[in-house]
Amino acid sequence: MHDFGLNNEQMLAVNDADGAILVIAGAGSGKTRVLTARICALVDSGVSPYNILAITFTNKAANEMKERIARELGYDADGVWTSTFHSMCARMLRMDAERLGYTRDFTIYTDLESERVVKRVCETVAGADAKRKGVYLDHISRAKTAALSPEEYFEETKDVVTDANTVALVYRAYEKELKACNAMDFDDLLLKTVELFQKCPDVLERWQRRFRYINVDEFQDTNRLQFRLVKMLSAVWGNVFVVGDEDQSIYSWRGAEIRNILDFPKEFPGAKVYKLEQNYRSTKNILSAANNVIKHNSSRNEKTLWSALGDGQEVEYFDARTDRDEADFVTRTINRLQVGGENYRDMAVLVRANSLTRLFEESFTLHGIPYKVFGGFRFFERKEIKDTLGYVRLAVNPDDNDAFLRVVNYPKRGIGASAVAEVALAAERNGISYLEVLKRGGLLSAASEKKLSKFAAVAEAISSALKEMKPVDFMQYVITGSGLEDALKLSEDPEDRNRYENIEGLVDAVRNFEEDNPEAGIADFLQSVSLVSDSDGMDEENYVTIATVHAVKGLEFDNVFIIGLEEGIFPTASAVANGDVEEERRLMYVAITRAKRRLYALSAYSRFRFGKVESNPKSRFIAEMRGDKASVRVTGAYFAGMRKEEKKPVFSQGKKGSPVFISAPKRRADAPDFSEFVKGVVVEHAKFGRGIVRETVGEGEDKTAAIEFEGLGVKRFALAIAINSLSIVKE
DNA sequence: CTCCTTTGTCTTTTT
DNA sequence: GACAAAGGAG
């Protein structure tokens with residue numbers, strides 16, 4: 001028996017082996033421990049590890065779980081299948097891809113590739129606008145998650161989506177191209193697995209029989225297809241153990257259905273529900289801030305986390321004047337904490353959007369604070385890396401037209417749009433891939449044929465190298481054989497030096513991968529690259545974590561800074577505009593509950609964004625966090641020391657539909673211009689709130705405006721003076 | 001065909 | 001402000 005130090009409720013959940021079980025696990029309530037303990041308990045009771053499936057949200061979480069189980073059980077852990085839904089599906093599909101008309105070497109297209117395909121496809125679809133590729137892809141993803149074909153999608157949405165027809169046409173063309181490329185996108189991994197199960201009951205049965213016990217972590221962030229997979233796989237044994245917390249559902253924009261967890265008892269009749277409400281992570285002060293925030297949400301199961309830990313330090317809210325002051329405060333505080341004995345690795349700066357990390361990177365670099373940024377640009381998304389991997393993709397899967405297009409003129413070979421268009425046309429006419437057009441020969445004009453023959457030889461050489469070389473050597477060969485090495489080394493562009501180093505980094509990446517997976521080939525490496533998650537790079541070194549809130553789901557830190565707490569940023573402008581901030585609030589809840597001992601919340605009065613200075617009201621979450629009891633200490637130096645007319649906007653507390661506030665552009669004193677203030681314009685005033693300009697008098701610095709505020713009547717302002725507390729509301 | 005300039009879009013989050 | 005896409009000149 002293994003001692004996990006479980007409390008009573010946890011113990012009950014863990015030892016309840018059979019049937020459908022839902023564990024509602026509040027933040028920091030020992031969710032992962034319960035899951036691990038459960039799997040160990042199953043093995044202890046005689047269940048073969050081979051019959052256990054454990055699904056996690058990221059590959060990193062999967063590996064950690066595997067390690068934990070291994071530590072407890074020893075060698076037995078190998079049999080337990082732990083992975084993400086996507087990795088699981090990829091593995092299952094590789095085994096039986098032929099039965100769906102794909103080869104087992106099918107390529108996984110990430111969003112980057114999907115977008116390129118959509119863009120390309122738009123050229124062939126009448127009425128499609130390539131600029132709207134993101135919108136199309138969004139609809140396509142929704143359709144796929146709902147398991148709708150293009151035709152079904154059109155029927156379902158023709159009354160609500162204005163260009164449903166165009167979307168359906170793009171969707172169909174996209175599907176056709178993906179199939180021709182022997183490629184699947186992220187949604188396909190799930191959808192095609194469901195299709196495989198429906199089409200081939202023998203395959204489904206094989207997996208059903210194998211997985212007697214199915215365990216799913218982070219169930220609040222599963223989508224409809226994932227739910228369906230769980231249902232299908234569990235149909236024989238009915239042993240489904242899911243763990244989640246609807247308050248931490250933060251991926252609905254990606255199709256996650258909170259319903260999956262809320263309706264679990266309905267979908268699995270007789271399901272038992274356990275609630276874990278004791279938090280082992282955070283101090284009381286931090287927890288009450290979290291509870292104060294989340295209780296404003298309506299669609300949730302009532303639960304209140306409690307902690308047996310002490311009150312701890314008060315939560316601190318720093319009211320900064322500018323985004324620079326905000327970064328300064330964080331830098332200073334980190335320094336102070338570090339001097340006081342805290343480790344950098346126990347500190348995290350959490351942001352709502354990737355673009356907010358920059359100032360912190362600058363400031364930390366300046367002050368010698370080691371840091372790592374998670375979320376945002378990833379190594380494998382760099383253009384030169386993507387392009388180089390294009391050669392690998394093409395060798396593994398010769399039908400991969402997207403890979404072909406990436407590398408045909410990289411490095412430059414004088415092959416332009418017209419030659420490529422010729423290839424595409426010939427491919428379309430003969431129903432073959434782009435590469436096949438070159439291999440067959442005689443399908444192009446003599447000039448194009450000649451230009452492309454060099455590339456054809458390169459592709460051919462790389463393709464045969466794939467069969468002969470070990471992954472690391474092959475990767476090195478790709479870099480030299482493609483001509484990239486020479487081109488980049490001889491280049492005069494100083495950036496190319498850097499690019500070359502990044503590309504060389506690929507060889508190391510393959511080497512590392514090979515060490516961890518000695519049996520795996522280069523194709524497995526490609527797959528792992530497609531399915532990496534942001535937190536995968538996190539390790540034990542001593543650095544401050546700068547990350548998006550999404551990227552730190554499931555992690556914890558002693559000291560947490562949540563920055564950018566302004567309306568329009570956190571919550572985001574679109575959430576505010578749509579009047580739906582519940583998911584933003586859950587995100588805030590996740591952010592707060594990452595903190596174990598110290599929590600700092602920050603906002604800035606003015607912030608430099610999109611090349612402009614903007615000013616947004618404080619986030620409603622600050623007021624919510626404080627709740628009835630003032631457990632939050634305000635240390636913002638800005639408000640107190642300000643001149644009267646510079647006072648920042650008051651809380652727009654709970655005001656629904658608050659739009660983004662962009663401050664009026666600062667004018668030089670010698671050329672005042674308040675031309676944006678005209679009759680009918682909606683403005684926000686620091687003290688009086690929202691108002692409408694009713695009348696203006698005068699010009700330039702003498703201009704005054706009469707503004708009507710709701711419930712306050714009309715007030716008159718000299719704009720030159722009032723400009724610091726007035727901003728125009730951009731709808 | 002390539003290079004340079006200009007223009008437009010972006011910033012919500014990612015398996 | 002940064003970067004990609006588009007457009008024009010060589």
Side-chain angles (χ1 to χ4, degrees), chain A residues 55-62 83-90 108-112 114-116 119 130-134 137-138 141 144-145 184-190 218 221-223 225-226 249-256 350-359 374-378 380-383 409 411-421 447-448 451 492-493 495 527-536 547-553 564 568-578 580-581 583-584 586-588 590-591 607-614 660:
Chain A
I55 305 276
T56 57
F57 192 69
T58 64
N59 288 301
K60 189 194 180 211
S83 75
T84 64
F85 274 107
H86 288 87
S87 300
M88 174 186 84
C89 289
I108 298 169
Y109 277 9
T110 65
D111 290 355
L112 282 163
S114 296
E115 264 191 31
R116 285 163 56 97
K119 192 184 154 200
K131 285 197 192 91
R132 289 170 48 83
K133 59 181 190 289
L137 212 48
D138 219 49
S141 179
K144 286 193 178 188
T145 308
M184 296 194 201
D185 65 18
F186 282 138
D187 297 315
D188 281 339
L189 290 176
L190 307 173
E218 309 279 14
D221 284 320
T222 52
N223 66 25
L225 286 173
Q226 291 166 335
S249 168
I250 55 176
Y251 283 94
S252 74
W253 50 273
R254 209 174 72 189
L350 306 187
V351 300
R352 178 63 184 87
N354 283 308
S355 55
L356 296 165
T357 62
R358 195 200 215 117
L359 272 184
F374 295 91
F377 300 112
R378 283 170 274 190
F380 290 111
E381 282 177 9
R382 286 172 182 277
K383 190 174 176 299
N409 198 30
K412 292 201 166 56
R413 300 186 175 96
I415 298 163
S418 59
V420 170
S448 299
K451 264 187 207 157
E492 310 206 332
D493 185 348
E495 287 291 308
Q527 170 165 324
S528 82
V529 165
S530 299
L531 299 176
V532 278
S533 54
D534 263 334
S535 51
D536 286 358
T548 60
V549 184
H550 284 92
V552 293
K553 182 167 102 153
I569 293 178
F570 198 174
T572 59
S574 61
V576 173
N578 297 332
D580 182 15
V581 295
E583 178 140 321
E584 294 293 307
R586 290 194 292 269
L587 199 52
M588 181 65 183
V590 169
R607 180 179 296 282
F608 195 70
R609 268 206 328 165
F610 314 131
K612 278 200 179 94
V613 177
E614 51 170 71
V660 200

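Proteins come first, then strands; the chains are lettered A, B, ... in the order of their sequence lines, and each starts at number 1. Below, all heavy atoms of this structure are taken into account, side chains as well, without hydrogens, waters or symmetry copies.
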Task: A/W253 aromatic ring stacked with six-membered ring of B/dT13, 5.5 Å and 30° - done: yes
Task: Whole angstrom value for the distance that separates P of B/dT14 from CG of A/N59 - done: 15 Å
- [ ] Answer with base, sugar-phosphate or nothing: what part of the nucleic acid does A/S418 contact at a heavy-atom distance below 4.0 Å?
- [x] sugar-phosphate
Open item on the list: If you only use heavy atoms from C-beta on, which nucleotide in B/dT15, B/dT12, B/dT11 is closest to the side chain of A/A353?
Closed with: B/dT12
Open item on the list: I want to check one thing: is the phosphate of B/dT14, taken as OP1 and OP2, less than 4.0 Å away from some side-chain N or O of A/N354?
Closed with: yes
Task: Base-pairing mate for B/dT12 - Watson-Crick or G-U, with both contacts under 3.5 Å - done: none
Open item on the list: Between C1' on B/dT15 and CZ on A/F374, what's the gap in Å once rounded to a whole number?
Closed with: 17 Å
- [ ] Would you indicate whether the side-chain heavy atoms of A/T56 and A/E218 approach each other to under 4.5 Å?
- [x] no
Open item on the list: The side chain of A/K412 is closest to which nucleotide in this list: B/dT14, C/dG1, B/dC3?
Closed with: B/dC3
- [ ] Going by the side-chain contact (heavy atoms from CB on, under 4.5 Å) test, name the single residue among A/L350, A/I250, A/V581, A/T548 that passes it with A/L587.
- [x] A/I250
- [ ] Please work out if A/F608 contacts a base, only the sugar-phosphate, or nothing of the nucleic acid, heavy-atom cut-off 4.0 Å.
- [x] sugar-phosphate
Task: Residue whose closest nucleotide on DNA chain B lies nearer the 5' end, A/G414 versus A/R254 - done: A/G414
Task: Integer-rounded Å distance: B/dT15 P and A/L190 CG - done: 13 Å
Open item on the list: Expressed as a whole number of angstroms, how long is the span from A/L350:CG to B/dT12:C1'?
Closed with: 15 Å
Task: For atom NZ of A/K612 and atom C1' of B/dT9, their distance in whole Å - done: 12 Å
Open item on the list: If you compare all heavy atoms of A/K144 against all heavy atoms of A/L225, which two are closest, and at what distance to 0.1 Å?
Closed with: O-CD1, 3.5 Å
TODO: Consider the side chain of A/K451, meaning its heavy atoms from C-beta on, and name the nucleotide among C/dA5, B/dT14, B/dC1 that approaches it most closely.
DONE: B/dC1
TODO: Report yes or no: is there a donor-acceptor pair, N or O only, under 3.5 Å between the side chain of A/R352 and the base of B/dT13?
DONE: yes
Task: 5′-ward residue of the pair A/E584/A/D111 relative to DNA chain B - done: A/E584
Task: Pair A/F57 and A/Y251, ring centroids less than 6.0 Å apart - done: yes
Task: d(CD1, A/I108; C1', B/dT14) in whole Å - done: 15 Å
TODO: Using a 4.0 Å heavy-atom cut-off across all strands, classify A/N223 as base, sugar-phosphate, or nothing.
DONE: nothing
TODO: Report yes or no: do A/T145 and A/N223 form a side-chain donor-acceptor pair below 3.5 Å?
DONE: no
Open item on the list: Closest approach to the side chain of A/N409, judged atom by atom: which nucleotide of B/dT13, B/dT12, B/dT2 is it?
Closed with: B/dT2
TODO: With the side chain of A/K131 defined as its heavy atoms from C-beta on, choose the nearest nucleotide among B/dC3, B/dT14, B/dT9.
DONE: B/dT9
Open item on the list: Just the rounded figure in Å: distance from P of B/dT11 to CG of A/L359.
Closed with: 19 Å
- [ ] Look at the side-chain N and O atoms of A/T548 and state whether any lies under 4.0 Å from the OP1 or OP2 oxygen of B/dT14.
- [x] yes
Task: Closest nucleotide among B/dT14, B/dT15, B/dT12 to the A/H86 side chain - done: B/dT15
TODO: Have a look at A/A575 and say if it touches a base, only the backbone sugar-phosphate, or nothing, with a 4.0 Å heavy-atom cut-off.
DONE: nothing
Open item on the list: Any non-hydrogen side-chain atom of A/F186 less than 4.5 Å from a side-chain atom of A/H86?
Closed with: yes
Open item on the list: Could you identify the nucleotide paired to B/dT6, looking across every strand shown and requiring Watson-Crick or G-U wobble geometry with both distances under 3.5 Å?
Closed with: C/dA5
Task: Nucleotide nearest A/R358 when distance is taken to its side chain, options B/dT14, B/dT12, C/dA2 - done: C/dA2
Open item on the list: Regarding A/L587, tell me which of base, sugar-phosphate or nothing describes its non-hydrogen contacts under 4.0 Å with the strands shown.
Closed with: nothing
